Amino acid sequence: MISLTYRDLTELSPEMGEQVRLWRNTPEVRSSMVRQHSISPEEHAQWLEFLRRHPHRQRVRVAFVDHDPFGVVTLKDLDLTAGVSDWGMYIGDPRFRGRGLGNALLFEILRWAFDESGLFRLFTSVLAVNPQALVMYLRAGFELEGCWRRHVPLEGGERGDLLWMAMLRPRWEERRKTLEEALLAGVR
């Protein structure tokens, strides 16, 4: 069985910070983001500084299989007073795609948000052109709440729909055990 761990990005080396930027800039990752531009070293440094100064607003963890970093999970627009947060994730290292690790990242976000952070509502957006993510989130119990039509400028000049989804704590509590089994069963 593989060992999955998560470490706060701000506690990792500058080299790991740069690796996260490189992953984020790959076409595979960038094409599923709302902001699809390439992140410059300067823009990335500003973001890292924001994370250090405002851990109450956004938290980022790097995911490891054994000792190999492979992806990122984030709670953003975090409001602990209201108990809500947006979230995101991606597998940056292509060697780890297709191994069920997206499901493991999703379970970690849910556990982190509801069990560790005590949130009531967890929400995200997903591009309609990313049906694989949409299906995964719906299967996990997220509910579709709306669509911002043609909201996101895509590479090539097209515009994509942005779908909004959320899960509330009661849904997590009723499905946690089932989700843990289902989402972590296929990890290899």
Side-chain angles (χ1 to χ4, degrees), residues 2 4 6 9 19-39 47 58-65 69-78 84-114 117 119 121-156 158-169 171-172 175-176 178-188:
I2 65 171
L4 294 173
Y6 300 86
L9 178 59
Q19 183 60 62
V20 166
R21 185 183 77 83
L22 295 174
W23 286 341
R24 170 58 176 79
N25 281 341
T26 63
E28 300 82 11
V29 172
R30 208 166 24 113
S31 66
S32 65
M33 297 291 178
V34 172
R35 292 175 192 86
Q36 298 188 349
H37 70 286
S38 287
I39 306 295
W47 176 68
Q58 183 173 9
R59 297 179 188 155
V60 178
R61 291 179 176 171
V62 176
F64 294 81
V65 169
F70 74 91
V72 173
V73 293
T74 183
L75 294 176
K76 55 189 178 180
D77 299 326
L78 186 58
V84 301
S85 182
D86 191 355
W87 64 273
M89 67 178 210
Y90 60 86
I91 295 175
D93 188 328
R95 298 174 301 155
F96 292 93
R97 294 189 184 123
R99 296 176 51 183
L101 292 167
N103 288 325
L105 292 178
L106 181 55
F107 185 80
E108 170 62 13
I109 287 168
L110 292 166
R111 188 205 62 72
W112 182 20
F114 293 119
S117 300
L119 298 179
R121 182 173 190 274
L122 190 60
F123 62 94
T124 194
S125 60
V126 61
L127 293 171
V129 295
N130 189 357
Q132 185 177 0
L134 179 62
V135 168
M136 180 170 53
Y137 304 161
L138 289 170
R139 283 187 183 150
F142 281 85
E143 295 181 35
L144 187 60
E145 293 189 331
C147 174
W148 291 357
R149 295 179 51 237
R150 300 181 67 192
H151 183 73
V152 178
L154 305 173
E155 286 190 353
E158 297 292 319
R159 296 192 69 86
D161 292 348
L162 189 64
L163 306 173
W164 286 95
M165 311 180 80
M167 182 184 292
L168 305 179
R169 172 184 288 284
R171 181 127 174 139
W172 165 249
R175 300 195 59 188
R176 185 189 200 289
T178 304
L179 285 173
E180 184 171 20
E181 292 168 4
L183 293 177
L184 300 181
V187 174
R188 56 191 186 285

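What you are looking at is a predicted structure, and each value in this text was computed from that prediction instead of being measured. Below, all heavy atoms of this structure are taken into account, side chains as well, without hydrogens, waters or symmetry copies.
- Taking every heavy atom of both residues into account, Arg59 and Ser117 meet most closely at NH1-OG, 3.9 Å.
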Chi angles and distances behind the side chain to side chain contact (heavy atoms under 4.5 Å, CB included) call for Met167, Arg175: CA-CA 11 Å; Met167 182 184 292; Arg175 300 195 59 188; 5.9 Å; no
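- The shortest side-chain heavy-atom distance between Phe64 and Tyr6 does not fall under the 4.5 Å cut-off.
- Among all heavy-atom pairs drawn from Arg97 and Thr26, the shortest one is NH2-OG1, 4.4 Å.
- Taken to the nearest 0.5 Å, the CZ atom of Arg150 stands 14.0 Å off from the CG atom of Leu162.
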Compile the donor-acceptor pairs under 3.5 Å between side chains in residues 121-133 and protein atoms, sequence neighbours left out, one pair per line.
| from | atom 1 | to | atom 2 | distance (Å) |
| --- | --- | --- | --- | --- |
| Arg121 | NH2 | Glu145 | OE1 | 2.3 |
| Arg121 | NH2 | Glu145 | OE2 | 3.1 |
| Thr124 | OG1 | Trp87 | O | 3.0 |
| Asn130 | OD1 | Ala133 | N | 3.4 |

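- For Cys147 against Asp161, the heavy-atom pair with the smallest separation is SG-CB, 3.8 Å.
- Summarising the geometry of Leu179 relative to Arg139, their closest heavy-atom pair is CD2-O, 4.3 Å, with the distance given to 0.1 Å.
- Contact between Val29 and Ile91 at its shortest, heavy atoms only, is CG2-O, 3.8 Å.
- Distance check, rounded to the nearest 0.5 Å: OG1 of Thr74 to NZ of Lys76 gives 6.5 Å.
- With rounding to the nearest 0.5 angstrom, the CD atom of Glu181 is 6.0 Å from the OG1 atom of Thr178.
- Surrounding CZ of Arg159 are more than 12 heavy atoms belonging to other residues, nucleotides or ligands, all under 6.0 Å away.
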Going through the checks in order, is the side chain to side chain contact (heavy atoms under 4.5 Å, CB included) test met by Leu134 and Met165? CA-CA 9 Å; Leu134 179 62; Met165 311 180 80; 3.7 Å; yes
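- Rounding to the nearest 0.5 Å places CZ of Phe142 at 10.0 Å from CG of Leu138.
- Remark: Leu101 CG to Arg95 CZ distance equals 11.5 Å, nearest 0.5 Å.
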Quick one: do Phe70 and Leu4 satisfy side chain to side chain contact (heavy atoms under 4.5 Å, CB included)? Show the steps, please. CA-CA 10 Å; Phe70 74 91; Leu4 294 173; 4.0 Å; yes
What donor-acceptor contacts under 3.5 angstrom involve side-chain atoms of residues 103-114, with partners at least two apart or in another chain?
| from | atom 1 | to | atom 2 | distance (Å) |
| --- | --- | --- | --- | --- |
| Glu108 | OE1 | Arg111 | NE | 3.1 |
| Glu108 | OE1 | Arg111 | NH2 | 3.4 |
| Glu108 | OE2 | Arg61 | NH1 | 3.2 |
| Glu108 | OE2 | Arg111 | NH2 | 3.0 |
| Arg111 | NH1 | Glu116 | OE1 | 3.4 |
| Arg111 | NH2 | Glu116 | OE1 | 3.0 |

Does the pair Asp86 and Leu78 meet the rule for a side chain to side chain contact (heavy atoms under 4.5 Å, CB included), with working shown? CA-CA 7 Å; Asp86 191 355; Leu78 186 58; over 6 Å; no
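- Annotation for Ser85 and Leu75: closest pair OG-CB, 3.6 Å, computed over non-hydrogen atoms.
- For the pair Leu144/Trp164, no side-chain contact is recorded, criterion being any heavy-atom separation below 4.5 Å from C-beta on.
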